[in-house]
Amino acid sequence: MKIAFIGLGNMGGPMAHNLHKAGHEVRAFDLSQPARDKLAADGVPIAPDAVTAVQGAEVVVSMLPASQHVEALFLGRDGQPGLLQSIAQGALIIDSSTIAAATSQKVAKTAEAAGVAFIDAPVSGGTGGAIAGTLTFMVGGPAAALERARPLLEKMGANIFHAGAVGAGQTAKICNNMLLGILMAGTSEAIALGVANGLDPKVLSEIMRRSSGGNWALEKYNPMPGVMETAPASKGYAGGFGTDLMLKDLGLAQENATAVKASTPLGGLARNLYAAHSLAGHGALDFSSIIKMVQKG
Ligand code: NAD
């Protein structure tokens, strides 16, 4: 299949690589030269710009930071035309970015008018899941469009859920990430408390992992440096899932909660914790660096 892949960051890079490895004709593009160079080194063909990437593409996959990037890419900005003008009628857009459900719906509506199908398909599983091809996809959109996307999603992920109509994937994703933000902050607090009492963070983490406090952070993403070799914490919090991206998701959850009058006290507190962490200059570090807020010294 001819695929255009736009956005080759921590997640999009390995996802595009997996589609290429599966034998698809991928043409990839990112605004960042280092991101393009990394994919080129993996043998993935790079297009000179997004418009060239989508020429003749049957499927366009996007993996961008936030709502404004997705809207600008497909619908245009400041008088510049959007990519929808260059995408062939009958093509399918799979947007895997985590963005506002309302933005997914807006892009889907314009796409539909142009004869292009659209699904929102945000993911969970982190960069490890993106590299291993074991992501969880949460899809919003028509069932027929999901079935067209499924063979590609299966090359990038292990779990595919149909959450509902366009935007429903995004709603599921912000519920999940609100919980993730809370549990990472809570896990950090518990480890820091144990360490302040002289406990070995590895021993304490293992005790909690096998006890009622067990969770994803303790299983796969320990926030304490040195506990888990593969976790961003042990690599100076580089790569992974940026604090500012977590802050964006917690903000989306709060906007949504306001709209539907839901009570999300811990989600609100978590958003403020990550905002303070970002203000302290840690926005580009992996979100598990939130442990710095509660560590002694
Ligand atoms: P990232 O910042 O590493 O990568 C985003 C890439 O998009 C960058 O390389 C940037 O140059 C590129 N980009 C921005 N605008 C562009 C444009 N108009 N055209 C081409 N390229 C453009 O971010 P990431 O960690 O890969 O996350 C991407 C999305 O996935 C975000 O919405 C994030 O919330 C979500 N997400 C991330 C993770 C994670 O663990 N990192 C997990 C699940 C979901």
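We count ligands from 1, going down the list as the structure has it; atoms in each ligand are counted the same way. Values reported hereafter were calculated over all heavy atoms of this structure, with side chains retained and with hydrogens, waters and symmetry mates removed.
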Where does the angle between the aromatic ring planes of F241 and F287 fall among parallel (under 30°), tilted (30 to 60°) and perpendicular (over 60°)? perpendicular
Hey, what's the ring geometry for H277 with H282, parallel, tilted or perpendicular (30° and 60° as the breaks)? tilted
Rounded distance [0.5 Å steps], CE in M63 versus CG in L8: 11.0 Å
Please determine whether any non-hydrogen atom of [X] lies less than 4.0 Å from an atom of ligand 1.
X    : result
K248 : yes
S124 : no
G240 : yes

Compare every heavy atom of L19 with every heavy atom of K155, then report the nearest pair and how far apart it is. CB-CD2, 4.1 Å
Identify, by atom number and element, the atoms of ligand 1 in contact range of K173, meaning under 4.0 Å from any of its heavy atoms. 43 (C), 44 (C)
Under a 4.0 angstrom heavy-atom cut-off, which atoms of ligand 1 come close to S32? 11 (O)
Part of [X] with heavy atoms under 4.0 Å of ligand 1, whether side chain, backbone, both or neither:
X   : result
D30 : both
M15 : neither
I6  : side chain

Within the structure, does [X] bring an N/O atom to less than 3.5 angstrom of an N/O atom in ligand 1?
X   : value
P65 : yes
T98 : yes
S97 : no
M11 : yes

I'd like to know if K202 and E206 make a salt bridge, using a cut-off of under 4.0 Å between side-chain N and carboxylate O. no
Tell me the nearest of F241, F5, F74 to atom 40 (O) of ligand 1, using heavy-atom distances. F241
Report the residue from M156, K173, R150 that forms a side chain to side chain contact (heavy atoms under 4.5 Å, CB included) with F137. M156
Are N177 and T98 linked by a side-chain donor-acceptor pair shorter than 3.5 Å? no
Hydrogens and angles aside, do Q80 and R77 bring a side-chain donor and acceptor to less than 3.5 Å of each other? no
What protein heavy atom sits nearest atom 18 (N) of ligand 1, and how far off is it? L31 CD1, 3.8 Å
